[in-house]
Amino acid sequence: MILLRYSQTLIEANCYILADSDQRQALVVDPGAGAAQWVKATLQTRGLELASVLCTHGHSDHVWDAALVAGDAPVYIPEPDMYRLDDPTSTSAAYASAFVTFSGHEWERPRVCLRVPAAMFEGGGMELVPGVWLRAVPAPGHTEGSTVFLFSGSINEDREAPEFRSGPGEQLLC
């Protein structure tokens, strides 16, 4: 499994790229302000094709570049936070200009916004992209829709991979 991390976003929120090593269909998680350029370059240099974007919650620092990254691909967000994609700065207006300045663009709502499928919250979860199974677990508090996503696999070594020990069936969350 490919798991890459980028944290040079505004407020240093982590953005991840997950993909099955054979399928090469990428899932981008939490594309915060400043992530779009890294995501596009990384997908291209590694021969990955974007299939979906997933947001763990609707705060600006986790969704700001979602439209730029996704294009026509779906952007999934937990249902209770769906309204935040109308204007993620509505709860942090004092910081709105910082997101625009840092990213170089105004907020843009993604073209295709979908709620995280109910099946992802049940049993073993489901695939949003081929070969990457995720199980959603609600974690309200930070926002009403905050959700963590569990997954497992043997992570390929890479300079942009998070630093941790990984073995077969390693249990991880984002």
To the nearest 0.5 angstrom, please state how far the [atom1] atom of [X] sits from the [atom2] atom of [Y].
X	Y	atom1	atom2	result
N14	L4	CG	CG	12.5 Å
F149	Y16	CZ	OH	13.0 Å
L68	H105	CG	NE2	4.0 Å
W133	E127	CH2	CD	5.0 Å

Should the heavy atoms of other residues, nucleotides or ligands under 6.0 Å from OH of Y95 be counted, would the total exceed 12? no
Would you say the side-chain atoms of [X] pair up with the backbone N or O of [Y], donor to acceptor, closer than 3.5 Å?
X	Y	answer
S21	M1	yes
R46	R24	no
R135	F121	yes
S60	P88	yes

Say whether [X] and [Y] are linked into one hydrophobic cluster, either directly or through other cluster members, by side-chain heavy-atom distances under 4.5 angstrom.
X	Y	answer
V75	V28	yes
I2	V39	yes
L27	V116	yes
W38	L3	no

Would you say that [X] contacts [Y] through its side chain, given a criterion of any heavy-atom pair below 4.5 Å between the two side chains?
X	Y	result
M82	L85	yes
I17	Y6	no
P130	D20	no
L18	V129	no
L134	L54	yes
V100	W64	yes
P117	Y76	yes
T143	P80	no

Nearest non-hydrogen partners of [X] and [Y], listed with the distance:
X	Y	result
L10	F102	N-CE2, 3.3 Å
A51	A73	O-CB, 3.7 Å
P140	P138	CD-C, 3.4 Å
A26	A19	CA-CB, 4.0 Å
V112	D72	CG2-O, 3.7 Å
D65	A35	OD2-N, 3.0 Å

side-chain contact (heavy atoms from CB on, under 4.5 Å) evaluation trace for L128 with M120: CA-CA 9 Å; L128 286 180; M120 193 172 281; 3.3 Å; yes
Salt bridge (Lys or Arg N to Asp or Glu O under 4.0 Å) contacts touching residues 75-97 (sequence neighbours left out): E79-R115, D81-R84, R84-E144, D86-R109
Checking side chain to side chain contact (heavy atoms under 4.5 Å, CB included) against H62, which of I11, T56, V29 comes through? T56
